[in-house]
Amino acid sequence: MGEPGVERIRNFRLHAHHLDARYDEDNVLAVVGACGMQNTPPGAWKAALHNRVPALGAEDLERLLHEKRSLVQAWSFRGAPVVFPAADSDAFLTALVPQKDEPWAYTQGIGLALDALGMEFHEVLALLERVMPKLDDKVVVSKTALDQTLADWVEPLLPAGKREPWRAPSMYGSPDKQTVGGAAVSFLLRPCALKGLVVFGERSGASPAFTSFRAWLGRGLEPSKDAPKKLVRKFLHCYGPSTADRFASWLGCSGKQARRLWKTVGDEMEPLTCDGKRAYVLAADRERLFAPEPLERELLLLSAHDPYLDQRDRVVLQADKTLQRRIWRTVANPGAVVRRGEIVGTWTGKKKGAGLEVEASLWAGDVDVRELRDLAKDYAAFRGLELVGFKA
């Protein structure tokens with residue numbers, strides 16, 4: 001077979017991301033577990049799931065996470081809060097634990113705190129791990145409170161000469177709210193999450209809450225030797241054809257760690273050529289990649305940070321680099337208007353009283369604006385609002 005071409009790749013990825021049709025409630029765990037759903041800003045995972053299982057309301061999604069607890073939210077790839085099925089916890093957590101001399105992801109900034117304490121990374125992490133089981137019987141509201149609560153628990157375990165610098169004001173920008181110890185803890189919460197020692201609990205108003213994996217699910221996190229394979233398969237199924245470098249970018253980990261994980265499914269991959277370069281696809285997915293199927297849904301209104309928009313080869317989504325900069329910003333990404341897998345515009349929503357105003361900026365002149373307005377109306381209703389304004 002020759003190159004799949006960008007249209008086939010889009011079709012394949014839309015199907016893998018469950019955006020080719022409207023799925024029902026029975027598919028929820030498969031939909032969320034395809035590649036996890038980032039939850040920054042808070043509520044992003046709900047918008048992503050709404051685009052795939054539109055029959056479920058926001059309250060239904062809350063019940064899945066907070067009552068049935070078939071889902072878990074924890075810091076995962078790229079150090080971001082991610083919602084995923086409890087049954088896939090090994091793939092989204094333990095598979096990301098580095099081995100030997102591989103660095104922990106998203107902990108590099110801890111150096112200033114370690115220098116002030118005169119301690120090594122592994123020393124502080126080991127002390128923090130000793131106190132983390134206290135979360136089995138506790139829920140802590142707000143990230144600031146979590147940092148300081150854990151720092152207070154660690155302090156008695158420190159050598160006497162380390163306690164004063166541990167209590168000193170933070171050098172990271174909030175010395176009135178955070179100590180050096182609290183800052184160190186903050187950086188180490190990602191490693192603790194990957195070890196199943198802390199997860200997000202049910203929000204308290206506008207504030208996040210935290211507890212342990214064991215408290216949330218009634219059992220400890222059980223590592224699996226197949227966890228790395230599960231993680232790579234998920235990535236390749238949703239973002240293939242791809243490469244180890246793009247996998248590293250998606251995870252936010254070192255190239256060394258990504259290549260180690262990548263090799264675990266080496267015998268399940270097949271090489272092919274994409275845009276003149278070598279990439280890989282799961283052998284089980286190759287036939288579907290080269291045999292695109294009709295889409296039941298061609299126009300989508302995706303919110304910022306939807307998993308589909310997380311493709312590392314952004315040229316597949318939008319070839320124009322100038323337009324790419326309007327989609328993926330340093331802060332505050334807009335939503336994306338997607339037609340047959342290509343981003344053809346951006347959109348933003350602004351809450352106004354009990355209503356929502358939506359404004360879209362389209363780059364293609366043949367987008368069905370009436371259908372786009374209907375999608376905006378559905379999204380507003382999902383949020384419990386009325387669409388009071390629409391401009392495209």
Side-chain angles (χ1 to χ4, degrees), residues 6 10 13-14 17-23 31 37-62 80-81 83 203 206 295-312 314-392:
V6 69
R10 289 172 184 159
R13 292 181 184 175
L14 284 170
H17 281 267
H18 301 90
L19 287 170
D20 56 332
R22 289 175 174 84
Y23 289 80
V31 169
M37 291 182 169
Q38 182 175 325
N39 195 32
T40 49
W45 81 277
K46 295 179 188 177
L49 189 48
H50 167 68
N51 265 302
R52 293 154 172 81
V53 189
L56 290 178
E59 292 183 356
D60 298 320
L61 305 188
E62 289 287 345
V83 175
R203 289 182 72 86
L295 301 170
E296 293 182 26
R297 305 166 67 197
E298 293 196 349
L299 190 64
L300 302 166
L301 196 67
L302 300 185
S303 294
H305 304 293
D306 186 279
Y308 183 76
L309 305 180
D310 207 11
Q311 299 178 37
R312 302 290 104 177
R314 292 173 174 176
V315 68
V316 171
L317 295 175
Q318 175 50 247
D320 189 319
K321 291 187 177 180
T322 299
L323 294 179
Q324 286 181 17
R325 289 192 288 270
R326 294 171 61 179
I327 303 165
W328 295 283
R329 302 174 182 172
T330 305
V331 294
N333 286 352
V337 180
V338 176
R339 184 180 58 182
R340 294 190 290 277
E342 179 186 12
I343 298 177
V344 294
T346 59
W347 69 276
T348 56
K350 183 178 180 182
K351 191 173 181 295
K352 188 174 182 180
L356 183 71
E357 294 180 337
V358 170
E359 181 173 353
S361 175
L362 302 175
W363 310 319
D366 54 348
V367 174
D368 188 332
V369 175
R370 287 180 298 179
E371 183 179 357
L372 193 62
R373 188 185 187 283
D374 289 341
L375 292 173
K377 186 177 180 180
D378 289 344
Y379 173 70
F382 171 73
R383 291 184 53 183
L385 303 170
E386 180 183 355
L387 185 66
V388 296
F390 178 79
K391 181 180 179 182

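The figures here come from the full heavy-atom set of this structure, side chains too, leaving out hydrogens, waters and symmetry mates. Please read these numbers as outputs of a predicted model, since none were measured by experiment.
The shortest non-hydrogen separation linking N39 to A44 is OD1-N, 3.1 Å. Of all non-hydrogen atoms in V369 and A392, the two that sit nearest each other are CG1-CB, 4.1 Å. Annotation for Y23 and P54: closest pair O-CD, 4.2 Å, computed over non-hydrogen atoms. For R329 against R325, the heavy-atom pair with the smallest separation is CG-O, 3.7 Å. The minimum heavy-atom distance between R10 and V316, with the atom names listed, is NE-O, 2.7 Å. Pairing each heavy atom of G355 with each of V388, the nearest pair is CA-CG1, 3.8 Å.
Among pairs with a residue in residues 361-381, those fulfilling salt bridge (Lys or Arg N to Asp or Glu O under 4.0 Å) read R339-D366, at least two apart in sequence or across chains.
For the pair V83 and L49, the minimum side-chain heavy-atom distance is 4.5 Å or more. At least one side-chain heavy atom of H305 sits less than 4.5 Å from a side-chain heavy atom of P41. Considering only heavy atoms from C-beta on, V338 stays 4.5 Å or farther from L19 through its side chain. Looking at D60 and V53, their side chains never come closer than 4.5 Å, going by heavy atoms from C-beta outward.
Side chain of R13 to main chain of Y308: no donor-acceptor pair is present (N/O by atom type, distance under 3.5 Å, no hydrogens or angles). Side chain of K46 to backbone of A48: no donor-acceptor contact under 3.5 angstrom is found. Here the side chain of R297 pairs no donor or acceptor atom with the backbone of L295 at under 3.5 angstrom. In terms of modelled atom types and a separation under 3.5 Å, the side chain of R52 and the main chain of H17 share a donor-acceptor contact. Q324 places a side-chain N or O within 3.5 Å of a backbone atom of Q318 that can act as its donor or acceptor partner.
Considering CD of E357 and NZ of K350, their distance stands at 6.5 Å, rounded to 0.5 Å. Here the CG-CG distance, from L301 to D306, works out to 10.5 Å after rounding to the nearest 0.5 Å. Taken from NE2 in H18 to CG in D20, the straight-line distance is 8.0 Å, to the nearest 0.5 Å. Here L300 contributes atom CG and E342 contributes atom CD; the two are 12.5 Å apart, rounded to the nearest 0.5 Å. Rounded to the nearest 0.5 Å, atoms NZ (K351) and CG (L385) are 5.5 Å apart. For the atom pair L14 CG and E296 CD, the distance stands at 12.5 Å (nearest 0.5 Å).
Under the side-chain contact (heavy atoms from CB on, under 4.5 Å) rule, L302 has a single partner from V337, L375, L309, which is L309.
By the ring pair (Phe, Tyr, Trp, His ring centres under 6.0 Å) test, F382 is found to be paired with H50, residues two or more places apart in sequence or in another chain being considered.
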Notebook entry, point to check: Can you check side chain to side chain contact (heavy atoms under 4.5 Å, CB included) on N51 and Y379, steps first, answer last?
Noted result: CA-CA 9 Å; N51 265 302; Y379 173 70; 6.0 Å; no
